[in-house]
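What follows is a short report on a single structure.
First listed ligand is number 1; within each ligand, the first listed atom is number 1.
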Amino acid sequence: MKSVRFFILTLTLLLLAGCAAPAAPAAEPCRYELAAMDTFMTLTIYGLPDEEAQAVLQQAAARIHQLEELLSVTSEDSEIYKANHAGGEAVSLSADTRELLSEALALCRDTDGALDVTIYPVVRAWGFTTGDYRVPEEAELATLLEKVDDTQARLDGNRLALPEGMELDLGAVAKGWTGDRLMELFREAGAASAIVELGGNVQALGARPDGSPWRVAVQAPEGGYAGALEIADKAVITSGGCQRYFEQDGVTYCHIIDPATGRPARTGLASVTVVADRGVRGDGLSTALFVMGRERAEAYWREHPGFDFILLGEDGTAAITEGLEDCFSLCGAWEDRPLEIIRK
Ligand code: ADP
Ligand code: MG
């Protein structure tokens with residue numbers, strides 16, 4: 001059995017360095033790197049004096065660790081862990097956890113359960129949190145799925161009650177929501193522009209210091225880059241089968257689970273990249289659209305304005321929604337392939 005973790009971060013950074021136009025000389029970046037939330041992160045801000053910038057980045061790192069401690073599904077001190085082990089009793093949540101959970105539950109309902117934050121017992125059975133990978137029996141999955149239903153989570157003010165045996169996992173939205181908090185912090189600190197990479201999530205405040213858009217790489221499933229996207233003030237968030245998976249008997253099992261079956265989502269998509277104003281929405285939707293597959297993803301997009309997406313198919317095809325027509329192009333080995341535009 002083989003387990004692999006890819007971190008898009010490093011590749012994205014390379015492309016940013018390789019393709020970016022030279023920055024305006026006056027604006028020196030201040031950068032901070034850390035490992036948190038089970039991934040590597042890079043935070044870069046511009047437009048503040050060095051000491052101030054360092055202090056803001058320290059605050060940002062502290063905020064990330066604070067959110068990780070609240071939201072971790074495995075740490076026994078986290079609010080999520082306590083809620084998951086409360087035996088059906090209600091627990092009190094901090095403002096952060098409550099707000100994120102409330103947004104996440106709304107997305108679960110909106111995506112018709114393609115996103116389901118009560119999927120944790122199933123994710124654990126496959127070994128994705130422990131690294132003890134295995135393929136559960138159908139009967140085991142059927143039993144675990146009885147405990148998966150986000151509509152049963154009762155959030156009333158800051159009190160949360162889960163039916164006994166139900167367990168939350170905010171892993172599909174936590175990094176996106178963290179990105180939003182970082183943008184807030186940087187904006188309030190007076191940074192002119194900033195970009196963060198939280199694993200496969202990229203989020204930008206403003207444009208580059210010289211006013212040009214940020215260039216963000218979209219990873220090809222086989223490695224390298226499939227495309228480049230120009231953005232400002234957006235979250236660019238990718239969910240894909242190649243980000244975390246294991247192989248057994250020649251079959252690849254990815255960490256995104258279809259709550260309808262309890263099995264890794266397999267819809268022919270290699271990855272979904274969502275471009276949205278807010279990280280939490282981009283993160284929730286990238287996971288949900290990966291579960292939905294192309295047809296349902298398109299239908300969802302037509303009914304829910306305000307975001308765009310890039311789909312890379314396992315068959316090597318690429319499609320984008322029309323809002324990205326002027327800011328996305330295929331590159332590298334994908335450069336000469338047709339790019340389909342999905343229209344309203
Ligand atoms: P990543 O965390 O690698 O950026 P995602 O944002 O797509 O990727 O989130 C995947 C994580 O979310 C999984 O590791 C698991 O913890 C959880 N998860 C898996 N499937 C679902 C689902 N259908 N709904 C909600 N959460 C899910
Ligand atoms: Mg996600």
With distance as the sole test, does [X] use its side chain to make a donor-acceptor pair with the main-chain N or O of [Y] at under 3.5 Å?
X: Gln203; Y: Val196; result: no
X: Thr287; Y: Asp283; result: yes
X: Trp177; Y: Leu170; result: no

- Given Arg244, Lys175, His255, Met292, which one has a non-hydrogen atom that is nearest to atom 10 (C) of ligand 1?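 Shortest heavy-atom distance from atom 10 (C) of ligand 1: His255.
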
Starting from [atom], locate the nearest protein heavy atom and write down its residue, its atom name and how far away it is, to 0.1 Å.
atom: atom 27 (C) of ligand 1; result: Ile119 CG2, 3.6 Å
atom: atom 24 (N) of ligand 1; result: Asp116 N, 3.0 Å
atom: atom 23 (N) of ligand 1; result: Ile257 O, 2.8 Å
atom: atom 9 (O) of ligand 1; result: Ala172 CA, 3.4 Å
atom: atom 5 (P) of ligand 1; result: Thr287 OG1, 3.3 Å

What atoms of ligand 1 come within less than 4.0 Å of a heavy atom belonging to [X]?
X: Pro259; answer: 23 (N)
X: Gly171; answer: 2 (O), 9 (O), 12 (O)
X: Asp169; answer: 15 (C), 16 (O), 17 (C)

- Query: If you round to the nearest 0.5 Å, how far is CH2 of Trp334 from CG of Leu312?
  - Reply: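 That separation rounds to 4.5 Å.
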
- Task: For the residue pair Thr97 and Glu79, confirm or rule out a side-chain donor-acceptor distance under 3.5 Å.
- Result: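 Per modelled atom types, Thr97 and Glu79 side chains form a pair under 3.5 Å.
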
- With distance as the sole criterion, is a donor-acceptor pair present between the side chains of Thr317 and Asp315 under 3.5 Å?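 There is such a pair (donor and acceptor under 3.5 Å, judged by atom type) between the side chains of Thr317 and Asp315.
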
- Do any N/O/S atoms of Asn201 come under 2.8 Å of the Mg ion (ligand 2)?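 So Asn201 does not bind the Mg ion (ligand 2) by this criterion.
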
- Hey, is there an N, O or S on Ala172 sitting under 2.8 Å from the Mg ion (ligand 2)?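 True for Ala172.
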
- Query: Are Leu48 and Tyr32 connected in the hydrophobic side-chain network, where two residues link if heavy atoms are under 4.5 Å apart?
  - Reply: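 Leu48 clusters together with Tyr32.
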
- Query: For Ser286, is the nearest heavy atom under 4.0 Å from an atom of ligand 1?
  - Reply: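 No.
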
- Message: So that I know where these two stand, are Tyr133 and Trp126 an aromatic pair - ring centroids less than 6.0 Å apart?
- Response: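 Ring centroids of Tyr133 and Trp126 are no less than 6.0 Å from each other.
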
- Message: Is the distance from the ring center of Tyr253 to that of Phe246 below 6.0 Å?
- Response: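 Ring centroids of Tyr253 and Phe246 are less than 6.0 Å from each other.
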
Short N or O distance, [X] and ligand 1, threshold 3.5 Å exclusive:
X: Leu115; answer: no
X: Ala114; answer: yes
X: Ser239; answer: yes
X: Asn201; answer: no

- Message: If you define the side chain from C-beta out and look only at heavy atoms, does anything of Ile237 sit under 4.5 Å from Thr273?
- Response: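 A side-chain contact under 4.5 Å is absent here.
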
- Do other residues, nucleotides or ligands put more than 12 heavy atoms under 6.0 Å from the CD atom of Glu89?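 Count not over threshold, so no.
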
- Query: Taking heavy atoms and a distance under 4.0 Å, where does Ile256 meet ligand 1: side chain, backbone, both or neither?
  - Reply: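 It is both parts that get close, each with some atom under 4.0 Å.
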
